[in-house]
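In each ligand, atom 1 is the first atom listed, and ligand 1 is the first ligand listed.
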Amino acid sequence: MKYILFSFCLVPLWSMAQYESVPGNKVRHISDATGVVVSAHPLASQAGVWALKQGGNAYDAAIATQWALAVVYPQAGNIGGGGFMVARDKKGIIHSLDYREMAPEAAHKDLFIRNGKADTQLSQKGGLASGVPGSVAGIFAMHHFAKLPMKTLIRPAISLAEKGFYITTQEANNLNRFRKEFLKWNEPNMPFIKKDEWKTGDILIQNDLAKTLKTIEKNGVSGFYSGWVAESILKSLGHYSGLMSIQDLYHYQVKSRPVHQFQYNGHEVLTMSLPSSGGILLHQMLEFATMENLYKYKVHSAPAMQIMIEAERRAYADRSQYMGDPDFVKDFTSELTHPNYLKSRWSSFNPEKATPSEHVSQSKPSLQPSEQTTHLSVIDKEGNAVSITTTLNDAYGSKLMVTGAGFLMNNEMDDFAIQPGVPNMYGAIGNDANAVEGRKRMLSSMTPTIVLKDNKLRMIVGTPGGTTIPTSIFQVITGILDFKLLPEESVFLPRFHHQWQPEWISIEPNFPLQVTKELETKGYSFKPRGTIGRVELIHIDHKGITGVADPRGDDAIATENDILPDF
Ligand code: DON
């Protein structure tokens with residue numbers, strides 16, 4: 001029997017009808033001048049590198065990776081959701097794209113209020129939960145910077161959807177976990193529902209999704225926003241009281257936003273501006289860290305932790321108060337990141353004890369962690385760099401698959417403050433700045449980021465994790481720049497998260513308890529939770545490129561030196 005070399009395992013040719021999901025390395029050191037993709041799934045990273053090998057650049061790779069994620073990573077990869085891109089090309093030109101979902105025109109402030117009370121079931125499930133998807137328009141917008149035809153870039157995804165691929169253990173567990181929800185919102189023949197349990201290595205085939213992708217391949221962006229795909233979206237949402245209209249889909253707009261830029265510890269940080277809160281939060285937290293000379297302390301030491309927790313507390317209090325879609329509400333970015341403001345905001349920091357959140361502001365929501373989004377980091381051999389975070393919001397979005405079109409819709413309407421002070425699924429609260437309004441974008445925490453040193457690339461980084469996104473990026477950046485960890489150490493390090501409300505600090509299961517005990521004596525309280533985030537990092541220095549894929553998931557690195565599947 002003939003075998004072909006397939007990354008790390010040998011696959012008999014008879015099984016080539018499907019694709020193997022090979023767990024990739026978590027850390028790869030590569031000489032520079034090699035293209036690298038790090039994403040949530042080995043096949044998606046490989047699809048990106050495949051595009052590089054066809055003569056594409058980092059944008060081509062990012063596009064092919066996103067299409068592939070929509071097939072092989074259905075919990076967050078998507079065409080029914082939205083995202084943000086921050087990129088820097090080989091000439092040093094920077095740009096960002098906002099392809100966040102928009103509220104349907106008919107949405108209004110009281111959309112999710114029933115008998116005077118906010119109903120989060122409605123903002124999280126069913127026909128009202130979805131914003132107008134931006135991903136397909138976003139991918140076509142970034143295609144202006146790419147080299148290959150879209151037909152080429154979408155090919156791996158179509159092939160993976162049609163021929164199927166072997167699912168990972170994590171995917172099997174998740175599909176089993178959400179079975180009841182899939183049954184509740186869909187016909188029993190939808191591809192994620194199986195008579196018996198999903199097992200590692202089962203093959204997932206998605207024929208309807210392949211049909212949709214082929215329609216996009218043929219008709220371009222309008223293959224999604226008009227015609228039978230658009231009509232199917234409206235029908236599926238309408239069946240569950242959705243109010244999205246054909247005009248909403250037709251008028252969806254990608255926006256080019258200013259890249260949020262600032263200096264930190266001798267580096268330049270390029271990150272996302274509103275309607276993501278991520279860039280402002282990261283800026284504020286890093287500025288607070290500078291005021292206390294964070295680099296003087298050891299990682300996970302009590303003083304370092306205390307500075308970082310108090311920085312997170314103050315930044316997230318501002319998030320709830322001031323941030324929303326800048327097309328609708330005043331943009332307070334310059335006020336919130338002004339050195340004088342940040343100095344006065346930090347003046348209440350007391351190294352002897354915790355600052356109670358109610359002294360920073362008011363109201364006490366609860367946190368229910370449940371999260372899925374996905375990030376991809378890409379570099380090509382010419383030095384183009386792309387950092388993209390994209391999401392359906394919750395794992396598998398609203399769980400509602402568009403009948404006949406095979407893709408899941410987002411439940412991004414829950415990222416609005418559906419009533420002032422009522423926590424969303426990440427425990428985030430907000431007020432008028434982020435109230436529901438027709439055609440408005442809901443506030444995000446997604447923080448696709450690029451870090452430069454002396455005008456050269458140093459990091460391309462991002463993560464999922466809802467409101468924990470900015471704190472994870474904060475911890476990875478300070479891990480490398482302040483605590484002098486290796487890139488992989490900084491990503492593997494146990495994480496913590498504080499967001500002003502609730503008062504406690506959540507910690508990953510393996511977090512060192514010695515330091516939490518020490519901080520408890522100063523008035524801090526900690527609660528263990530599941531893992532936080534899944535960081536995809538490309539780090540560049542004089543030794544070359546290091547790709548780091550978060551060990552918390554199936555995340556994987558692919559490089560141009562790899563042998564790839566024949567997409
Ligand atoms: O835009 C946001 O901030 C959220 N919708 C992101 C959700 C998320 O990260 C879920 N992830 N694990």
Without hydrogens or angle criteria, can the side chains of [X] and [Y] be said to hold a donor-acceptor pair below 3.5 Å?
X: Ser123; Y: Asp414; result: yes
X: Thr467; Y: Gln499; result: yes
X: Ser39; Y: Ser45; result: yes

Given that the side chain starts at C-beta and the backbone is N, CA, C, O, which of these parts of [X] lies under 4.0 Å from ligand 1, counting heavy atoms, or is it both or neither?
X: Ile469; answer: side chain
X: Asp415; answer: side chain
X: Glu412; answer: side chain

Using residues 280-287 as the side-chain source, report each donor-acceptor pair under 3.5 Å to any protein atom, sequence neighbours left out, with the distance given to one decimal.
| unit_1 | atom_1 | unit_2 | atom_2 | d |
| --- | --- | --- | --- | --- |
| His283 | ND1 | His260 | NE2 | 2.8 |
| Gln284 | NE2 | Asp318 | OD2 | 3.1 |
| Gln284 | NE2 | Leu336 | O | 2.9 |

Could you tell me whether some N/O pair between [X] and ligand 1 is separated by less than 3.5 angstrom?
X: Thr391; result: no
X: Tyr426; result: no
X: Gly465; result: yes

Taking the six-membered ring for Trp, are [X] and [Y] parallel (under 30°), tilted (30 to 60°) or perpendicular (over 60°)?
X: Phe145; Y: His95; answer: parallel
X: Phe140; Y: His143; answer: perpendicular
X: Phe165; Y: His41; answer: perpendicular

Ligand 1 atoms in contact with [X] (distance to a heavy atom under 4.0 Å):
X: Met446; result: 1 (O), 3 (O)
X: Ser445; result: 1 (O), 2 (C), 3 (O)
X: Gly466; result: 6 (C), 7 (C), 8 (C), 9 (O), 10 (C), 11 (N)

Practice item. May I ask whether Arg100 places a heavy atom under 4.0 Å from ligand 1? Key: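 The answer is yes: ligand 1 sits under 4.0 Å from a heavy atom of Arg100.
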
